[in-house]
Amino acid sequence: MRNKALAIGIAGSILAASISTVSAAENYAALFQPVARGDQSVESTYFVMTDRFADGDPSNNGDGYDPTNIGYWHGGDFKGLTQKLSYIANLGVTSIWITPPFKQQPIQGNSAAYHGYWALDFMTVDPHLGTEQEFKDLIDKAHSLGLKIIVDVVANHTADVIQYQNGKAFIPGGKENIKNPRFLNNLSNYHNQGDSTLQGESSLMGDFFGLDDLATEKPEVVRGFIDIWSYWIQTFGIDGMRIDTFRHVNPEFWKAVIPAIQKVAVASGKKTFPIFGEVAEKGPETLATYVAGGQVPSVLDFAFDEQVTKYVASYGSSDRLVKLFNADDLYTTQKTSAYGLATFLGNHDAGRLGTAILRNAADKDSALKKAIIAQSMLLLLRGGPVLYYGDEKGMTGGGGDKLARQDMFPTQVESWKWEQRIGSDPVGEGDGFSLVNPIEGEIKALQALIKANPALRSGTQQTLAAQGQLFLASRYANKQEYIVGFNTSDDEKTAAVKPITANSQWATLAGQCKVGANLTVVVAANSYCLLKASSQIGKSATSKVSAPKLASSNDSPLWKELSVTVNAPGYNSITFLAREKKGKWKSLGTADRTTFESDVTRGNLYRTFLHPDLFKKKAALEFIAVMKNSDNKIIVSAISKGVN
C-alpha cells in the first residue's frame, strides 16, 4: 500500500508539472479564508428521547401507554424535561437534541410512536408529550439556562396511512384528511411504490419500513416543508435540526430547503442554527459526499462512532484513528469541514457504547476506565460532540433500537431495573438521576476545562503519534497548544512527539500522564490525558508553501486530491483555489493540519479535494495555495496546472 501511495504522488506531480509564478498585480492575500467550522462545531449536545426521560404530567400518558413494554409510551414529556433542564445544564452541554415532538399516529402494528418518527400532524405537538404551551415553556426555560433546543425532524416519510390493494395505493376511508398540513393528504405527493429495498432508486422512492414515502422532488412538498420548519422556528424558537433518514431524500430537496430554513433562522435572530443529517454509513468517503456535496452543513459522524468504539471497546489499534482523521480532508470545502461534524458514541438506533464495552471488558474496573476514555475522546477530539442520555450514568443494554432506549425516571421494565451499569450498581427501584457515577463526574470536569480552554472545542487538531493502542494529537488556537493522549492498553505506553511548542513545560490538566525528557509523553494504562503548554508558541518557522499537486487518492474514489507541503512544521491554514483560464478563482476550502503517514495516505500533506462538478469536464485548470501561518503572515504558492 505504501508503494501505491507513492505512485499516486508521482502521478500527481505529472498532472501538475506545469508551474508558473504568481502575478504581482493580483491581491492573492485577499483570497485567504479561515477554516469553515460550522454551527455544530461549537456545540456540546445532549440527546434526549423525550418519552424516556422524565414524566412531569401523568395525566397526558394516553393511548399506547404501557411503561412495562419497551415498545410503547412510557410517559416522559415536555414538563418532565423542563424540570430536569438544570441537571442537563450542569453536565456542561450547550444544546439538547430532542426526538420529534410532532403529533404521531400513536400505535402502528405491535409498537407505539414514542420515538416520534410516525408523524401525522407536523404543525403541533403530540399530546403524549404535552401541550404547545408546555413545549414553548421548555424552550424558554432552556434559553434562560443558555441551552439550545435542536429538534429531530423528518421529511422522508409520514406515519403509515396509505394502503395498497392489487398494486394500487389508496387512503382508507375516514383518514382522507388525517394529516396536516393539507398537502400531506394528497396521494399524488407520495411515491406509492410499496416497501423500500433500501437499494438504488428504491432507497429514495420506497416506503421506509412501511412509512408513507413523500415525493420530495415535487415543488408543493418542498414549499410545504419550508413552511413547516419555518413555523417551528418562528412560533416556538427552536434552535437547530437533526434530520432523520436524510439519505433517503433526493439531494435537490435539501439544496432548496436547508438554505431557506437557514435564512428564516437568521431573520429570527439565531446567530447559529446547527443542522445535521442522519446518514447511517460508516465510511468517510461516503459520509463526506453529503456534506462536501452541498446537501447539508453536517452529518452524524458514524465513522467516528465506528472507529472510536472499536479502538476503545475492542482493543483496536490506533492506526484506525489515523485513517479516520486523515479522511477529514474529504469534508473540506469553502463552507464545510470535519470540525462541524456531530460526533457521537452510540445512540437510540445503533445501541449504547456501554454495551460494546461490557462485551469485551475484563472486569468492572476495566469497563469504567474504558468508558471514561471513550467520553474523553468524544469531548476532546474534533467535532461537536453528542452525548446520549444515560451514558453519563453508565447505562448499557442488550443491543440497539428498543433495547437502547431505557428510562431515566423509575422504570417499570423489569429487565431494565437490574441491567448491569458501568460505574454503578443497577438502578433497581430507583431512578437514573439519583445514581452517583464517576463517568458523570469526569464529563463535568472535562466540560469545565473545555469552557476555560476554547481550543479544545474550536481549535485545530493535528495527529502527533499512533503506536499500537496509544494515540496522541494536539489541539491548538491563538498560539496556545495542547496535547491529548489516549491509551486503551493494559500497560503504560510512551511515545515521542514533536509539538510546535517544543521548548515549553507541560501542565497536566486532566487524566494520567507525564512528559519525560525529549518530549516523550507517557500515558497510564487504560487512561487518557490532557496537557497544556505552559508557554505560547514562538515565531513561525513556516515560510514557504509548495505549488499544489493534483493526484488520484486512495481516500476518495470520486475526487482528485489537491495537496501542498511546507518548508517547516507549524500551525498554518492553507486555502486552495482553482480557476479555468482567465476565470475567477474558486475556493476549494481551507486545510489547517497535515495528514499523518499511513499505509493508505502520505504524511505531511495539507490538502483538499477537487470536485469535478465545479468546472467544465476536462477543463484546463490553474491552482494556487494561499497560506496564513501562526504569525498571521500570508504566503502564496506558485501557480500549477491540471485538468478537471
Side-chain angles (χ1 to χ4, degrees), residues 46-84 96-122 124-132 134-135 138 149-154 156-161 178-179 208-212 242-245 278 346-352 388-391 395 397-417 419 427 431-433:
Y46 189 74
F47 172 29
V48 168
M49 180 160 276
T50 309
D51 178 65
R52 302 299 168 85
F53 200 65
D55 188 353
D57 183 4
S59 70
N60 62 23
N61 290 341
D63 188 22
Y65 174 71
D66 182 356
T68 67
N69 189 317
I70 64 172
Y72 283 78
W73 298 89
H74 284 193
D77 50 32
F78 302 137
K79 189 176 285 188
L81 180 53
T82 303
Q83 293 168 356
K84 296 297 183 182
I96 304 171
W97 152 22
I98 62 169
T99 41
F102 319 111
K103 185 177 180 181
Q104 303 287 301
Q105 180 157 274
I107 300 174
Q108 286 182 188
N110 61 352
S111 189
Y114 66 92
H115 43 65
Y117 299 111
W118 301 343
L120 287 175
D121 189 341
F122 286 78
T124 192
V125 301
D126 192 278
H128 291 83
L129 303 178
T131 65
E132 290 186 359
E134 287 166 349
F135 183 63
L138 165 66
I149 297 292
I150 298 172
V151 172
D152 210 326
V153 300
V154 187
N156 176 66
H157 58 261
T158 69
D160 182 13
V161 172
I178 198 171
K179 298 178 184 178
F208 188 76
F209 295 96
L211 299 163
D212 299 348
R242 178 267 191 184
I243 304 174
D244 183 66
T245 50
E278 179 219 21
N347 64 20
H348 60 320
D349 291 327
R352 289 189 180 272
Y388 189 32
Y389 82 94
D391 281 0
M395 277 189 185
D401 197 62
K402 296 176 185 179
L403 296 172
R405 301 170 180 178
Q406 298 98 323
D407 302 316
M408 278 287 281
F409 54 93
T411 185
Q412 294 184 48
V413 177
E414 203 63 26
S415 61
W416 286 352
K417 292 180 182 180
E419 196 168 74
V427 68
D431 69 273
F433 297 104

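All values below come from the heavy atoms of this structure, side chains included, with hydrogens, waters and symmetry mates left out.
F209 and Y117 have their aromatic ring centers separated by at least 6.0 angstrom. Remark: aromatic rings of F47 and H348 are close, center separation under 6.0 Å.
W416 and T411 make their closest contact through CE3-OG1, 3.6 Å (heavy atoms, listed as atom of the first residue, atom of the second, distance). When all heavy atoms of E134 and G130 are compared, the pair lying nearest together is OE1-CA, 3.1 Å. Closest approach of S111 and W118 over heavy atoms only: O-CZ3, 3.8 Å.
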Verdict with reasoning, R352 to D391, per side chain to side chain contact (heavy atoms under 4.5 Å, CB included): CA-CA 8 Å; R352 289 189 180 272; D391 281 0; 2.8 Å; yes
Derivation of the side chain to side chain contact (heavy atoms under 4.5 Å, CB included) call for D63 and W73: CA-CA 8 Å; D63 188 22; W73 298 89; over 6 Å; no
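Separation of atoms NZ (K79) and NZ (K84) is listed at 15.0 Å; rounding is to 0.5 Å. To the nearest 0.5 angstrom, T99 atom OG1 is 10.0 Å from R52 atom CZ. Atom CG of D160 is separated from atom CG of D212 by 5.0 Å, given to the nearest 0.5 angstrom. Here the CZ atom belonging to F135 is positioned 12.0 Å from the CG atom belonging to D126, to the nearest 0.5 angstrom. Between atom CZ of residue R405 and atom OH of residue Y388 there is a gap of 6.5 Å, rounded to the nearest 0.5 Å.
Electrostatic pairing of D152 and R242 counts as a salt bridge here, judged by a charged N lying under 4.0 Å from a carboxylate O. Salt-bridge annotation for K402 and D349: absent, with no side-chain N of the basic residue lying under 4.0 Å from a carboxylate O of the acidic one. Checked for salt-bridge contact, D121 and K179 miss the test: no charged N lies under 4.0 Å from a carboxylate O.
Side-chain contact between Y389 and M49: present, with at least one pair of heavy atoms (C-beta onward) separated by less than 4.5 Å. Counting only heavy atoms from C-beta outward, the side chains of N156 and D244 never approach each other to under 4.5 Å.
For the 3.5 Å distance criterion, the side chains of E414 and T68 fail to qualify, holding no donor opposite an acceptor.
Of the possible donor and acceptor atoms, none in the side chain of D66 sits under 3.5 Å from a partner among the backbone N and O of Y72.
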